[in-house]
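One structure is given here, and the rest of the page talks about it.
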Amino acid sequence: VQLQAYGGGLVQAGGSLRLSCAASGRIFNFNTMGWFRQAPGKQRELVALINSRDTTNYADSVKGRFTISRDNAKNTVDLQMNSLQPEDTAVYYCYAFVNFVIWGQGTLVTVSS
């Protein structure tokens, strides 16, 4: 199974972007899907998670600005990012967990001041 992420790009501070991630190949009923990010020189960190019952978990730094959603039938997970700030600049990675962790390739989000 592979995860393909879409939607990164360059945006000005205060702007919005929407990231999408779709699973392909042997599809599982993922327990949890979500997004992590890694800024230059920093460790990868949690952004948001959502489980199969649509229970969500957000990093404090994105609460109120980012919204995660998923479509269980399509095995997709989206991240709506509003009020973006330069500190949100990072490579964003799609994540899924069933009995093991699956990472998607990263998509770069750059927020200019």
Side-chain angles (χ1 to χ4, degrees):
V1 60
Q2 291 184 324
L3 299 176
Q4 181 70 44
Y6 307 89
L10 173 65
V11 65
Q12 288 187 333
S16 298
L17 281 176
R18 187 176 183 88
L19 304 183
S20 297
C21 176
S24 63
R26 183 181 177 188
I27 304 297
F28 297 89
N29 294 322
F30 300 114
N31 294 337
T32 302
M33 301 185 79
W35 295 89
F36 286 69
R37 68 186 181 187
Q38 187 166 15
K42 295 187 177 181
Q43 290 187 331
R44 191 173 297 189
E45 64 176 6
L46 167 71
V47 176
L49 296 174
I50 184 168
N51 67 15
S52 57
R53 294 170 292 178
D54 287 342
T55 300
T56 58
N57 181 30
Y58 294 93
D60 288 343
S61 59
V62 307
K63 284 180 180 177
R65 300 188 297 123
F66 291 10
T67 302
I68 190 170
S69 60
R70 67 185 283 178
D71 185 326
N72 291 328
K74 296 180 180 179
N75 279 302
T76 59
V77 60
D78 291 349
L79 185 69
Q80 177 65 41
M81 305 185 294
N82 298 328
S83 301
L84 283 161
Q85 300 301 316
E87 52 266 33
D88 295 316
T89 294
V91 176
Y92 284 69
Y93 295 91
C94 181
Y95 162 98
F97 177 80
V98 51
N99 293 319
F100 50 92
V101 173
I102 305 167
W103 291 103
Q105 95 291 356
T107 184
L108 178 62
V109 172
T110 304
V111 185
S112 63
S113 58

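Any value given below was found using the heavy atoms of this structure, including those in side chains, with hydrogens, waters and symmetry copies removed. Computed from a predicted structure; not experimentally measured.
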| message | Given 3.5 Å as the limit, does a donor-acceptor pair link the side chain of Q105 with the main chain of A5, or not? | response | yes
| field | W35 vs M81, side-chain contact (heavy atoms from CB on, under 4.5 Å): CA-CA, chis, key distance, verdict | value | CA-CA 12 Å; W35 295 89; M81 305 185 294; over 6 Å; no
| task | Measure the spacing between CG of N57 and CD1 of I68 and express it to the nearest 0.5 Å. | result | 9.5 Å
| Honestly curious: do L46 and V109 fall in one hydrophobic cluster under the side-chain, below-4.5 Å linking rule? | no
| Parallel, tilted or perpendicular for Y95 and F36, by the 30°/60° rule? | tilted
| note | OG1 of T56 to CZ of R70, rounded to nearest 0.5 Å, is 12.0 Å
| Without hydrogens or angle criteria, can the side chains of N31 and S52 be said to hold a donor-acceptor pair below 3.5 Å? | no
| Are a donor atom and an acceptor atom from the side chains of N82 and S16 found within less than 3.5 Å of each other? | yes
| task | Spell out, yes or no, whether W103 and V98 are grouped together once hydrophobic residues are joined by side-chain heavy atoms under 4.5 Å, including indirect joins. | result | no
| field | L19, V77, L79 screened by side chain to side chain contact (heavy atoms under 4.5 Å, CB included) with C94, the one that passes | value | V77
| Between D78 and S20, which heavy-atom pair has the shortest distance, and what is it? | OD1-OG, 3.1 Å
| Hey, what do you get for OH (Y93) to SG (C21), rounding to the nearest 0.5 Å? | 13.0 Å
| query | How about S69 and R18: do any of their side-chain heavy atoms sit closer than 4.5 Å? | reply | yes
| request: Step through the shown structure and confirm whether more than 12 heavy atoms of other residues, nucleotides or ligands are within 6.0 Å of CD on Q2. | output: no
| task | Could you tell me whether the side chain of F30 reaches within less than 4.5 Å of the side chain of I102, counting heavy atoms only? | result | yes
| request: Using modelled atom types only, decide if a donor and an acceptor are shared between the side chain of Q85 and the backbone of S83 within a distance under 3.5 Å. | output: yes
| field | side chain to side chain contact (heavy atoms under 4.5 Å, CB included) partner of R37, chosen from V91, T89, D88 | value | D88
| query | Given the rule in the side chain to side chain donor-acceptor pair (under 3.5 Å) test, do T32 and N51 qualify, once you have shown the distances and angles that lead to the verdict? | reply | CA-CA 4 Å; T32 302; N51 67 15; 5.9 Å; no
| Atom OG1 in T107, atom CD in Q4: separation rounded to 0.5 Å? | 9.0 Å
| request: For residues Q38 and Q43, report the shortest heavy-atom separation together with the two atoms involved. | output: CG-C, 4.0 Å
| request: Over all heavy atoms of both residues, which pair between P86 and A13 is shortest? Give the atoms and the distance, please. | output: CD-CB, 4.1 Å
